[in-house]
Number of protein chains: 2
Amino acid sequence: MDEAAPRTRKRKAVTIYDVAKRAHVSIKTVSMVLNNLPAVKAETRARVQDAIDALAYHPNQLARGLASHRSFMLGLFCDGNAIGSNYIARIQMEILKTCQKEGYHLVIEYVEPSSPNLARQVQSLMVQSDLAGGILTPPLSEHDGLIEALKHTDTPIARYSPERSMPGFIDVDMDNVQAGYDMAALLLSLGHRRIGFVHGEYDHADARARFAGFRRAMAEWKVPVDESLCLPGEFTYKSGMDAGDVLLSLPERPTAILAANDDMAAGVLAASLRFNLRVPEDLSIAGFDDSLFSQAMWPRLTICRQPLTEMTEAVVAALIRNEGVEPAAMVFPHKVIVRQSTAAPAEARF
Amino acid sequence: MDEAAPRTRKRKAVTIYDVAKRAHVSIKTVSMVLNNLPAVKAETRARVQDAIDALAYHPNQLARGLASHRSFMLGLFCDGNAIGSNYIARIQMEILKTCQKEGYHLVIEYVEPSSPNLARQVQSLMVQSDLAGGILTPPLSEHDGLIEALKHTDTPIARYSPERSMPGFIDVDMDNVQAGYDMAALLLSLGHRRIGFVHGEYDHADARARFAGFRRAMAEWKVPVDESLCLPGEFTYKSGMDAGDVLLSLPERPTAILAANDDMAAGVLAASLRFNLRVPEDLSIAGFDDSLFSQAMWPRLTICRQPLTEMTEAVVAALIRNEGVEPAAMVFPHKVIVRQSTAAPAEARF
DNA sequence: CTGAAAGCGCTTACAG
DNA sequence: CTGAAAGCGCTTACAG
């Protein structure tokens, strides 16, 4: 190879034939060693392993995928707006960790939910690379047109927080109604009565469910829901901040604000600073998800933890084994974690 | 296919042979149409295209990659701590956008910088999947052992912010010394004299360069650097908050704090709240990078924008075309963006 | 402008 | 427990 022109011409790759020759076995035997199939004598296995090490052999995944129809790749589909979402960041991290344990790789694709040929695009990506599985996060996981088209795909598909679970899909979620109820109950128990709610996007099933749980708790406590305290948001820090501005400008402002995710809760916190409010003394704030950010910020946010670690392990396992598709969504237990952003309202103290 | 047991058995895939048969041409012609090679009669091309559409044919990327030695996949290597870093998030987004334009796919791999066989691991990932290129972000891009090993790889490799640029690598960066100088000059011009600096990790070239620039500006303004105001950080929100706590507890606290990236600057902002300081009235805060978060937060952060869009476009283009490796790093122009977190110090006003 | 054929580097029945 | 051979679905010289 010419030293002056590096990386221009590929070195001839070391193949399974080279290993077989050196170990004095057939390529079949090498293949069995590589794939950890048991039917190889220990002595033979050792000889093959030595050859592999000596030649620094790396099996070609493309060839392996082509021959076996197993690409060992999973695809994660997100919409472009997911950028900066700490929720998606955590999902991605969890998938990556689990994939690595299983010897799988992750391909990331951003797609535009509003694109007219979204379904074809996603399907094409899965078929072309022969993905072992596709993973959909909201809002893609509840995109009717996409889901309808994907019913007829061979690739197993997992969805986080689908609108409603469906046979043929691997669905994971937590009980968002209960989670919403639990968080509202927490604030109510603390003594709050004027509670603001920052909704997520209305086409987002999780957000609606959390809001429903909130209302249920309010009803149970016999506290009427003041609709002027319930504002829309977009699951972003910015939208939480905007909603917070509105709520805190009110003549009679809420003593607590519950946001449908923690990025928005962080935004509400930022808004509270503009009004020179202390958290939690003057205002309690709570959210959902438990992103790394919500744990790092100050004051640390009281949240309802979404069990993304457990959900992701289930998703990846089901995808990889492509085992019988669950009839219903797998629902994992959430957990209320009280940190520093919530306290009893000022009037209720002492 | 059994309707009751979905996705268990793969449908026979549509292949290039099916398309060729239907269009009454050879597979060679189909291949040429697929790859947009010019030497096909328009009429033939149309006939092939019709067949492709009619059969919903998706060329198998694995087969294509195997045959052509072009996988159309790029690999992004990050260390696990990168999670939650808004800098890495922005890089990932930029790569994804550029890849999609070019018809490439992105495989993400997290690796542990402290792993003893890091180099083998990275190399193996590149060789196995026959990646068209590998992308390294800090701290991997300046990891001596890894870089040394990667010199002898066939796969083209791009690095963000390497320690020092090297022939054989595609290196991109901005002028961090100048950037550090510019940001310090901004604060000095506003009238600040007691300026805190939150350093990044000491093995991080960018951080050191930014600090050097800071010192240069201080020297030029004849303001001695108070070492007790220069604290280490880890490029995270949390570490910025901790450093802020220390700086703001000082009997004579700084009137401005410059952090080596904007996640840390956001942390300093959080710390300032604990001390009931108003930003920018009581304290000016500035950072580097320009993450989406630094744009969304309140007050919006004054920062030095790292031109990641331009850097990434250059990286991907160079990787894909595998064109002559640059002798030196490609350096892209930074830009100081003044937003709401900086102002003249209280004493200097009026 | 287009065909027939070899080859990319694996896996996998089929034999033994 | 191991071999010889076909095949996965493409690309690419080589001819014409």
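For the numbers below, each heavy atom of this structure counts, side chains included, while hydrogens, waters and symmetry mates do not. Residue numbers start from 1 in every chain, and the chains themselves are labelled A, B, ... in the order their sequence lines are given, proteins ahead of strands.
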Would you kindly give the [atom1]-to-[atom2] distance between [X] and [N], to the nearest whole Å?
X	N	atom1	atom2	answer
B/H69	D/dT11	NE2	C1'	10 Å
B/N36	D/dC10	CG	P	16 Å
B/Q61	D/dC8	CD	C1'	15 Å
A/M32	C/dT12	CE	P	10 Å
A/K21	C/dG9	NZ	C1'	15 Å
A/L66	C/dG9	CG	P	12 Å
A/Y17	D/dA5	OH	C1'	9 Å
A/E43	D/dT2	CD	C1'	13 Å

Closest to the [X] side chain: [options]?
X	options	value
A/K28	D/dC10, C/dA13, C/dG3	C/dA13
B/S68	D/dC10, C/dC10, D/dT11	D/dT11
A/R64	C/dC10, C/dG3, D/dG9	C/dC10
A/T29	C/dT11, D/dT2, D/dT12	D/dT2

Phosphate-side-chain proximity, [X] and [N], N/O vs OP1/OP2 below 4.0 Å:
X	N	value
A/T44	D/dC1	no
A/N35	C/dT11	yes
A/S31	C/dC10	no
A/S26	D/dG3	yes

Indicate yes or no: at least one non-hydrogen side-chain atom of [X] is less than 4.5 angstrom from one of [Y].
X	Y	value
A/K101	A/V316	no
A/D50	A/R47	no
A/M73	B/H105	no

Which residue lies more 5' along DNA chain D, comparing A/I27 with A/A42 via nearest heavy atoms: A/A42
At 4.0 Å (heavy atoms only), tell me whether [X] reaches a base, stays on the sugar-phosphate, or touches nothing.
X	value
A/L34	nothing
B/K41	sugar-phosphate
B/L62	nothing

Among A/V172, A/L74, A/L308, find the residue that satisfies the side-chain contact (heavy atoms from CB on, under 4.5 Å) test when tested with A/V315. A/V172
My understanding is that only one of B/L118, B/L125, B/I108, B/T137 makes a side-chain contact (heavy atoms from CB on, under 4.5 Å) with B/F77; could you say which? B/L125
With a 3.5 Å distance limit and no angle check, can you tell me whether A/E102 reaches the backbone of A/I320 through a side-chain donor-acceptor pair? no
My understanding is that a pair needs two contacts under 3.5 Å, Watson-Crick or G-U wobble. By that rule, which nucleotide pairs with C/dA13? none
Could you check which nucleotide pairs with C/dA4 in any of the strands shown, counting Watson-Crick or G-U wobble with both distances under 3.5 Å? none
